[in-house]
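Structure record follows, encoded as structure tokens.
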Amino acid sequence: MSSEMEHRFRTNLLEWGKENRREYPWREPDRTLYEVFIAEFFLTQTPADNVAGVYPRFLERFPTLEELAEASEHELVEVIEPLGFQNMRAEALKQIASTYDHLPTEPESLMELPRVGRYVANATLCFARGDRLPVLDRNVERVYSRVFRDAWPETEADQLAFTQRLVPDDARAYNLALLDFGALVCQTEPLCEQCFANEYCVYFQKSRRSA
DNA sequence: GTCCAGAAGC
DNA sequence: GCTTCTGGAC
């Protein structure tokens, strides 16, 4: 796999992101670490539009980790009920708020919180602070496994290393663009005709175009 | 009823 | 690192 192709993809993706980035309340500038964390915590397995529906109300009611700690689990369930997973999520949030004064800023430490894995930890720190971390979910995995095909590794550890190398200094712009690209263009049924990568994407070149 | 996606458990 | 869990989506 040529590094030229990686460079091309990175450049094209950043360019695409400038025009196509989706706007969500949690992507507004100057969101606190807590505010971004809450969004990413809810965004796993929950459509963004759904999260957008309760996000403002949640932050109004629990603006900081300190105020979240004052809430009862029942109050939490009430507010996040439309999202689903409300009991699991309320229990975890309650535990987090009652254990921590501040959210950790190291990914490994964030991952020690209940219901917080690699995706939520890296996404939170990248989007809130610009930390140059690889953000890896199913969308991202689908994108890379198509564009780079055989060069895309199988194990999660290798995939994180692969992704890490591509993340530029503006990690926030890159990772946001990557998630949006996976959701809007390189979706399960990909829109290859309108894709900036179709000249070099291995999936398109080797199988879809001739199909 | 089956599939999915991220986290947790082993 | 593989399997199980959760519970929403289809």
Side-chain angles (χ1 to χ4, degrees), chain A residues 22 24 26-27 33-55 57-58 65 68 73-100 103-128 131 133-148 150-164 166-167 171-172 174-191 203:
Chain A
R22 294 177 294 181
Y24 290 111
W26 50 88
R27 292 183 173 185
L33 182 62
Y34 167 77
E35 288 167 344
V36 175
F37 170 78
I38 290 299
E40 294 304 331
F41 187 83
F42 289 155
L43 282 167
T44 64
Q45 285 147 305
T46 305
D49 291 345
N50 207 346
V51 175
V54 313
Y55 190 69
R57 209 173 332 129
F58 184 94
L65 195 60
L68 184 63
E73 207 170 306
H74 177 71
E75 285 178 286
L76 286 176
V77 171
E78 255 180 16
V79 177
I80 69 179
E81 191 275 332
L83 299 178
F85 299 100
Q86 62 278 134
N87 294 321
M88 252 173 40
R89 283 166 159 164
E91 186 184 2
L93 285 176
K94 183 75 194 129
Q95 196 181 325
I96 290 166
S98 56
T99 310
Y100 290 82
L103 294 173
T105 54
E106 288 298 322
E108 312 299 333
S109 311
L110 253 193
M111 285 171 66
E112 289 171 17
L113 314 201
R115 307 306 310 176
V116 176
R118 176 61 71 189
Y119 170 80
V120 171
N122 284 11
T124 297
L125 294 174
C126 178
F127 298 147
D131 292 359
L133 294 164
V135 169
L136 185 59
D137 70 354
R138 301 291 177 172
N139 289 303
V140 173
E141 190 180 358
R142 188 178 57 251
V143 170
Y144 283 136
S145 68
R146 281 176 179 159
V147 176
F148 298 103
D150 296 343
W152 178 243
E154 298 208 338
T155 69
E156 192 203 9
D158 290 343
Q159 290 175 352
L160 284 166
F162 185 103
T163 310
Q164 175 76 76
L166 272 87
V167 179
R172 186 175 189 274
Y174 180 84
N175 281 322
L176 287 175
L178 192 55
L179 293 176
D180 287 351
F181 175 69
L184 297 175
V185 180
C186 200
Q187 46 200 351
T188 307
E189 282 302 322
L191 308 175
Y203 170 74

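Note on naming: letters A, B, ... go to the chains in the order of the sequence lines (proteins, then strands), and numbering restarts at 1 for each one.
Between the CZ atom of A:R89 and the P atom of B:dG6 there is a distance of 12 Å, given to the nearest Å. Rounded to whole Å, atom C1' of B:dG6 lies 11 Å from atom CD of A:E141. Per the geometry, CE belonging to A:M88 stands 8 Å off P belonging to C:dT6, to the nearest Å. The nearest whole Å value for the distance from the CZ atom in A:R118 to the P atom in B:dA7 is 10 Å. Rounded to an integer number of Å, the gap from CD of A:Q159 to P of B:dG6 is 12 Å. Rounded to an integer number of Å, the gap from CD of A:E156 to P of B:dG6 is 11 Å. Rounded to whole Å, atom C1' of B:dG6 lies 15 Å from atom CZ of A:R142. A:L83 places its CG atom 15 Å from the C1' atom of C:dT6, with the value rounded to the nearest Å.
You'll find the side chain of A:L93 reaches within 4.5 Å of the side chain of A:I38, heavy atoms only.
Between C:dG7, C:dA9, B:dA8, one nucleotide has an atom nearer to the side chain of A:P114 than all others, and that is B:dA8. Ranking C:dA9, B:dA7, C:dG7 by closeness to the A:F85 side chain, first place goes to C:dG7.
Taking the ring centroids of A:Y55 and A:F42, they lie at or beyond the 6.0 Å cut-off.
For the pair A:R138 and B:dG6, the criterion of a side-chain N or O lying under 4.0 Å from OP1 or OP2 is met.
Checking side-chain atoms of A:N175 against main-chain N and O of A:L133 turns up a donor-acceptor pair under 3.5 Å.
Ion pairing of A:R146 with A:E141 is absent here, as no side-chain N (NZ or NE/NH1/NH2) approaches a carboxylate O to less than 4.0 Å.
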